[in-house]
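Let me begin by presenting the structure, written as structure tokens, before commenting on it.
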Amino acid sequence: MRCTAPRREIGAVQLAGLLDSPLEWLEAERPSLVAAVVQAARLGFDELAWGITASASVLFDTRNYLDDCRICAHAALDVCRETGNLRGQAAMLHELGAVEQAHRRLDTAHAHYARALELCGELGEATGQAVNLRNLSMLERFRGDLDTAMGRLETALEICRTAQDGPGEAFTLSGMAQIELERGNNADALKLAEEAVRLGGGNERGLAQALHRLGQVHLALGGHVQAEEAFLRVIELVRVKSDHVGLVYATLGLGESRLGAGDVEGAARTLSTALAEVAHIASPLVDGRVHLALAEARRRQGRIDEAREQIAAAHRAFATIEARRWTAQAEAALAALQEDSV
């Protein structure tokens, strides 16, 4: 969705400089962007407030700036409600849903996405409907309701195909591949992931996500070499985009691939790199996952005390966001480690 606020024309030379490294420019202007949104909202400029927030969302997402996103989206949502701007409300509810999802406040996230979906339906915003259906599907997958989650994605896929939204179709197929993975249907997951990669070529962010999913499928199938190749391609893409969040997840996947292939030393080095990178994004979930994977590498190296420390760090990270499934995995890893030590 795009706002209708007037846009300033930028000279070709200046534009080329900004497009050379857009995220770094946004990073440099981050305090000003947040202040501009708050000021625009106070002045009643609803389109400007939500438009800036939506444009800055790629920075907030890739750098995990949850507080900035929340401040901007709340301010923009309030002014859009005051003016009756439904499109702005839908866009900002989606942003707030993402913030709540990141904090694992899933019921609140679900309510935001559901309301955004309803508004997009009223507005005839097909792309917005598909986006919110994908996010609702993710929450339902977290809850273990895979059938409802898949139904959401099937509806989103139909919308994307009708709208000829190739990148949206790729994102949707990637989500469907994850559900098939969790159902244990690895062959179906592989077909979906490969199709997502084929369709994602026109959008680097979509391609990175599709390749990441493909890597996960190969891991599940025991194809560690293919998984490593996929994650290395993701790393290339996200580094160009300065996507810190994507880089951590891809490096984690690469470490898991090397661990699965029996390259314990290489895995330990890769996962140590991921651990250093995760410090920049303040995400307890991926922080805990990296610690847990590194714990397994340390166990295989025979460095039991370090493995125990890594598991404890993982448990603390998961506990802060009440990620019960991952907390249980950390507890199981500790129990297995203690049995090995007897």
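Computed over heavy atoms, backbone and side chain alike; hydrogens, waters and symmetry mates excluded.
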Query raised in the report: Counting only heavy atoms not in R143, do more than 12 fall under 6.0 Å of its CZ?
Result: yes
Query raised in the report: Same hydrophobic cluster for M150 and M138, using side-chain heavy-atom links shorter than 4.5 Å among ILVMFWY?
Result: no
Report task. Would you please test Q129 and E125 for side-chain hydrogen bond (donor to acceptor under 3.5 Å, both in side chains) and show each step? Result -> CA-CA 6 Å; Q129 286 179 283; E125 283 279 359; over 6 Å; no
Query - Cationic N near anionic O, under 4.0 Å, R316 to D287 - result: no
Report task. Starting from the C-alpha separation in whole Å, work towards a yes-or-no answer on side-chain hydrogen bond (donor to acceptor under 3.5 Å, both in side chains) for Q301 and E265. Result -> CA-CA 8 Å; Q301 290 176 316; E265 297 302 322; 3.1 Å; yes
Query raised in the report: Of the non-hydrogen atoms in A41 and A75, which two are nearest, and what is the gap between them?
Result: CB-O, 3.5 Å
Requested in this report: Check whether V245 and L237 end up in the same hydrophobic cluster, where Ile, Leu, Val, Met, Phe, Trp and Tyr are linked by side-chain heavy atoms less than 4.5 Å apart.
Outcome: no
Query raised in the report: Between E277 and T251, is a side-chain hydrogen bond (donor to acceptor under 3.5 Å, both in side chains) present by the stated rule, with each step listed?
Result: CA-CA 9 Å; E277 291 165 347; T251 307; 3.2 Å; yes
Report task. Please answer: with hydrophobic residues joined when any side-chain heavy atoms are less than 4.5 Å apart, are L214 and L192 in the same cluster? Result -> no
Query raised in the report: Would you call H291 and L271 a side-chain contact if the rule is heavy atoms closer than 4.5 Å?
Result: no
Report task. Decide side chain to side chain contact (heavy atoms under 4.5 Å, CB included) for F318 and L285; before the verdict, give the C-alpha distance in whole Å, the side-chain angles of both, and the deciding distance to 0.1 Å. Result -> CA-CA 6 Å; F318 296 142; L285 180 61; 4.1 Å; yes
Requested in this report: Mind listing the closest non-hydrogen atom pair of A333 and L292 along with its distance?
Outcome: CB-CD1, 4.0 Å
Requested in this report: Before giving the answer on salt bridge (charged side-chain N to carboxylate O under 4.0 Å, His left out), spell out for K191 and E194 the whole-Å C-alpha distance, their side-chain angles and the decisive distance to 0.1 Å.
Outcome: CA-CA 5 Å; K191 291 177 184 176; E194 288 175 338; over 6 Å; no
Report task. Tell me whether V248 is reachable from L275 by hopping between hydrophobic residues (I, L, V, M, F, W, Y) whose side-chain heavy atoms are closer than 4.5 Å. Result -> yes
Query raised in the report: Between Q101 and L139, is any pair of side-chain heavy atoms under 4.5 Å apart?
Result: yes
Query raised in the report: Are the charged groups of E118 and R115 less than 4.0 angstrom apart, N to O?
Result: yes
Report summary line: By side-chain hydrogen bond (donor to acceptor under 3.5 Å, both in side chains), T320 pairs with (sequence neighbours left out) none
Query raised in the report: With distance as the sole test, does S55 use its side chain to make a donor-acceptor pair with the main-chain N or O of G51 at under 3.5 Å?
Result: yes
Query raised in the report: Does E29 CD have over 12 foreign heavy atoms under 6.0 Å away?
Result: yes
Query raised in the report: Do E95 and M92 have side-chain heavy atoms sitting under 4.5 Å apart?
Result: yes
Query raised in the report: Going through the distances and angles, do L221 and Q226 end up as a side chain to side chain contact (heavy atoms under 4.5 Å, CB included)?
Result: CA-CA 10 Å; L221 290 167; Q226 296 95 324; over 6 Å; no
Query raised in the report: Which residues pass the side-chain hydrogen bond (donor to acceptor under 3.5 Å, both in side chains) test with R63, sequence neighbours left out?
Result: E24, E27
Query raised in the report: Is it true that a side-chain atom of Y113 and a backbone atom of A98 form a donor plus acceptor pair closer than 3.5 Å?
Result: yes
Report task. Please confirm whether the backbone N or O of A54 pairs with a side-chain atom of S57, one donor and one acceptor, at under 3.5 Å? Result -> yes
Query - Residues N64, S283; criterion side-chain hydrogen bond (donor to acceptor under 3.5 Å, both in side chains); working and verdict - result: CA-CA 7 Å; N64 210 45; S283 173; 4.6 Å; no
Query raised in the report: Do any N or O atoms from the side chain of S137 and from the backbone of L133 form a donor-acceptor pair under 3.5 angstrom?
Result: no
Query raised in the report: Within a radius of less than 6.0 Å around CZ of R233, do more than 12 heavy atoms belonging to other residues, nucleotides or ligands occur?
Result: no
Report summary line: Closest non-hydrogen atoms of A116 and H94, given as atom of the first, atom of the second and distance, are CB-N, 4.1 Å
Query raised in the report: For the hydrophobic clusters of this structure (ILVMFWY residues joined by side-chain heavy atoms under 4.5 Å, transitively), does one cluster hold both L181 and L153?
Result: no
Report task. Ignoring hydrogens and angles, tell me if any N or O in the side chain of R300 forms a donor-acceptor pair with the backbone of L259 under 3.5 Å. Result -> yes
**Report entry** Whether over 12 other heavy atoms sit under 6.0 Å from R183 CZ
**Finding:** yes
Query raised in the report: Hey, are the side chains of T62 and K241 touching, using non-hydrogen atoms and a 4.5 Å cut-off?
Result: no
**Report entry** Any donor-acceptor N/O pair, R213 side chain to S174 backbone, under 3.5 Å
**Finding:** yes
Query raised in the report: Quick one: does R134's side chain have a donor or acceptor within less than 3.5 Å of a partner on G168's backbone?
Result: yes
Report task. Taking atom CD of E331 as the centre, report whether more than 12 heavy atoms of other residues, nucleotides or ligands fall under 6.0 Å from it. Result -> yes
